[in-house]
Amino acid sequence: MILKFAPLLFANLRRHLLRTAFTLGSIIVAFLMFGLLQAMKGSFDAGATIAGQDRLLTLHKVSIVQPLPKSYWDQIRRVDGVAFVSPVTWFGGTYQDERNQIPVFPVDGATYLDIYPEIVLPPGVRERWLADRRGALVGRAMANRFGFKPGQTIPLKSSIWRRGTGSSTWEVNISGIFDVQENKGDTMGIIMHHDYFSESLARGKGLVGWYVVKVRDPAKAARVARSIDELFANSPYETTTSTEKALAQSFANQIGNVGKILTGVIAAVFFTMLLVTANTMAQSVRERTSELALLKTLGFTGAGVTALVLAEALMLTLLGGIVGMALAYFAVDAFGTTARQYLPIFYISLPAALVAVLLMIGLGIAAGLLPARRAMRLRIVEALRGT
Amino acid sequence: MPESVVVIRDLVKEFHRGPEVIRVLDGLSLDIAAGDFVALMGPSGSGKSTLLNLIGALDRPTSGSIRVEGLELPNLTDGALAHWRAGHVGFIFQMYNLLPVLTAERNVELPLLLSKLPAAERRRRARAALKLVGLADRAQHRPGQLSGGQEQRVGIARAVVTDPTLLLCDEPTGDLDRKSADEVLDLLATLNARGKTVIMVTHDPRAAERARHTLHLDKGQLLEALQ
């Protein structure tokens with residue numbers, strides 16, 4: 001039904017090609033920005049979504065970058081309600097080139113795999129890794145990025161730690177490639193044995209980054225966390241323990257403030273877009289007053305003319321919006337590999353795409369509403385006399 | 001005696017300009033027979049275009065009755081009037097009023113977009129109408145690529161494409177040279193001969209000569225009635 005009016009709608013958009021092109025360009029940029037921001041926001045939010053509630057993180061009370069003594073490991077293990085504990089340290093790794101930043105975590109192999117059962121290993125790999133002090137497990141995405149193969153020995157350079165020899169490179173043997181159960185995390189990292197990492201350290205030998213703790217009963221997680229912190233109260237290394245989910249959420253919330261600022265910028269961009277598109281439509285309708293009057297003369301009803309103007313505005317925003325979102329998809333795809341070094345889950349989700357479509361429709365209706373109202377109220381005789 | 005297609009009684013149309021009330025039509029009564037060709041003449045401001053607009057249901061009277069093809073137009077809603085116009089009236093304007101972004105064929109097809117005809121049939125009828133006005137070979141030209149006379153012929157094709165009973169022409173030759181004007185008038189005469197009722201507002205006595213009847217308006221009344 002509406003298709004028969006398509007040539008008329010397209011012809012109107014072609015009327016002032018340059019004006020239409022500028023308006024379309026603005027809408028495209030707005031939706032490109034929206035798509036990229038949504039990909040980033042989704043990445044920040046993902047941590048809290050995939051984090052476990054039965055896992056606690058024990059950090060230095062001051063900040064996550066302050067280390068904790070390795071001696072805490074045994075003490076935490078003895079706390080009532082604790083199932084497994086593993087130390088984890090941020091290695092700050094690069095591979096071959098300073099630009100190739102890779103997340104590397106020295107951990108206690110056996111307990112770490114018990115704490116994170118979502119890590120999926122091929123048969124025999126767990127045993128092979130635990131048997132090799134220099135062994136490392138490489139995430140599937142990481143392996144694909146650099147072409148790592150099991151059995152290969154690779155040098156991992158730390159930007160934070162130095163060995164007693166003065167070198168900052170640890171050579172590890174790839175024991176195997178790990179996957180993660182669907183939607184339970186990313187595979188853009190490497191885990192290695194903490195003992196191998198710390199034994200040759202020049203400084204900080206008895207220190208670890210933080211502890212990850214698995215509790216026996218998630219319902220008692222808060223009590224266990226309190227017990228751990230009480231254990232180290234008034235010591236030089238006071239701790240703060242919270243569930244992994246709460247920590248991820250608080251991290252997301254901090255980023256969320258940045259997200260809010262960016263959302264504000266996007267809202268401003270969209271508001272400007274609304275003004276630009278509405279102005280284009282208003283100008284276009286004003287210029288065509290006599291033509292709209294003619295359509296009414298020929299038998300188009302007020303509602304019919306209104307629908308035509310709204311359809312024209314919608315066509316403009318849908319066209320620009322779809323192109324903008326398509327470009328955003330391409331950009332996420334093209335720059336995804338680089339972005340995923342820092343934001344492991346970096347993609348435009350289906351809900352974000354649906355929000356974009358709703359925005360396109362909303363923007364089109366809002367931009368076309370006033371001009372459409374003007375067209376509907378047009379008095380034929382007066383408008384024809386204006387020619 | 002042919003039946004009257006337009007029956008007007010005591011028609012009054014007033015416009016308001018600030019506090020001032022201007023009575024453009026002042027109790028006018030008129031009958032136009034089916035198949036007639038009537039020229040409406042009169043000085044500027046005499047109310048002839050207003051009368052044409054009221055007959056074509058483009059405007060509403062202040063009071064009085066306009067019955068066209070048995071239908072009392074002031075009683076209809078705006079939507080009903082729009083549907084009625086689409087099926088029963090063809091309008092021809094002095095400035096042609098074609099959409100510059102569409103080809104001649106698409107312009108002629110415009111009124112058919114409101115019908116349920118399939119695209120191929122709409123296209124066929126638009127081409128037939130263009131052929132009728134002698135512009136079949138200009139179907140893909142835009143108005144800017146046509147002469148004034150050709151544009152007006154496209155306007156006539158658009159007016160007749162829905163096969164209306166009534167053709168309302170507001171100064172159809174007012175913007176044309178003599179030769180083009182004669183071609184347009186020939187076309188209107190042909191359409192009238194084929195059964196269309198033509199009502200034409202004009203200042204041009206030569207155009208009025210082509211009509212079967214000429215009615216003169218002055219100060220919102222028919223001179224014939226005054227006499």
Side-chain angles (χ1 to χ4, degrees), chain A residues 1-21 280-281 283-309 311-312 315-316 372-387, chain B residues 13 15 24 49-50 52-54 56-60 77-103 105-123 142-143 155 158-159 161-162 164 168 170 175:
Chain A
M1 176 65 190
I2 190 79
L3 278 181
K4 64 182 174 184
F5 296 104
L8 181 61
L9 296 174
F10 275 115
N12 282 330
L13 288 181
R14 281 200 308 267
R15 186 182 297 255
H16 289 287
L17 264 183
L18 200 62
R19 186 169 71 195
T20 304
T280 302
M281 287 310 300
Q283 220 172 326
S284 168
V285 165
R286 245 194 328 269
E287 285 166 2
R288 283 185 285 146
T289 301
S290 65
E291 293 180 19
L292 294 171
L294 172 84
L295 293 180
K296 283 187 158 185
T297 304
L298 296 180
F300 283 70
T301 58
V305 174
T306 304
L308 277 181
V309 173
E312 204 176 309
M315 211 155 110
L316 203 60
R373 195 159 157 261
R374 182 187 153 94
M376 188 173 75
R377 292 184 168 185
L378 202 71
R379 288 177 53 82
I380 302 175
V381 174
E382 287 167 15
L384 284 175
R385 205 183 291 145
T387 58
Chain B
K13 178 66 184 176
F15 290 106
V24 180
S49 287
T50 302
L52 198 74
N53 290 338
L54 289 171
L58 297 182
D59 205 354
R60 289 178 180 277
T77 62
D78 286 349
L81 286 178
H83 289 304
W84 178 78
R85 281 196 301 273
H88 296 83
V89 195
F91 291 90
I92 298 161
F93 304 94
Q94 179 178 358
M95 299 308 294
Y96 333 124
N97 288 55
L98 302 177
L99 301 197
V101 289
L102 298 181
T103 62
E105 187 179 284
R106 292 276 190 202
N107 264 289
V108 175
E109 193 191 342
L110 264 182
L112 296 176
L113 292 180
L114 297 167
S115 71
K116 288 181 176 157
L117 292 173
E121 179 59 17
R122 290 200 306 269
R123 204 59 59 83
R142 290 218 162 80
R158 182 182 63 195
V161 75
T162 55
L168 302 180
D170 194 356
D175 200 48

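Any value given below was found using the heavy atoms of this structure, including those in side chains, with hydrogens, waters and symmetry copies removed. Just so we're on the same page: letters track the sequence lines, and every chain starts at 1.
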Kindly indicate whether the side chain of Arg379(A), heavy atoms from C-beta on, has any atom under 4.5 Å from the side chain of Asp59(B). yes
Relative to chain A, which segment of Arg142(B) carries a heavy atom at a distance below 4.5 Å: side chain, backbone, both, or neither? side chain
Which atoms of Phe300(A) approach chain B - backbone, side chain, both or neither, heavy atom under 4.5 Å: both
Contact part of Asp78(B) toward chain A, heavy-atom cut-off under 4.5 Å: side chain, backbone, both or neither? neither
Arg377(A): side-chain contact (heavy atoms from CB on, under 4.5 Å) partners, not counting sequence neighbours: Arg373(A)
Are any non-hydrogen side-chain atoms of Pro100(B) and Glu291(A) less than 4.5 angstrom apart? yes
Taking all non-hydrogen atoms of both residues into account, name the closest pair between Thr301(A) and Ala82(B) and its distance. CG2-CB, 3.8 Å
Gap separating the CG atom of Leu113(B) from the CG atom of Leu298(A), nearest 0.5 angstrom: 9.5 Å
Check whether Arg85(B) reaches the backbone of Thr297(A) with its side chain - one donor and one acceptor, N or O, closer than 3.5 Å. yes
Taking all heavy atoms of Gly299(A) and all of Ala86(B), pick out the closest pair and write down the distance. CA-CB, 3.9 Å
With the side chain counted from C-beta on, respond yes when Phe10(A) and Val101(B) share a heavy-atom pair under 4.5 Å apart, and no when they do not. no
Leu384(A) side chain reached by Leu58(B) side chain, heavy atoms, under 4.5 Å: yes
Note, Leu294(A) side chain near Arg158(B) side chain (heavy atom, < 4.5 Å): yes
Under 4.5 Å from a heavy atom of chain B, the part of Arg14(A) involved: side chain
Mind listing the closest non-hydrogen atom pair of Ala11(A) and Leu102(B) along with its distance? CB-CD2, 3.7 Å
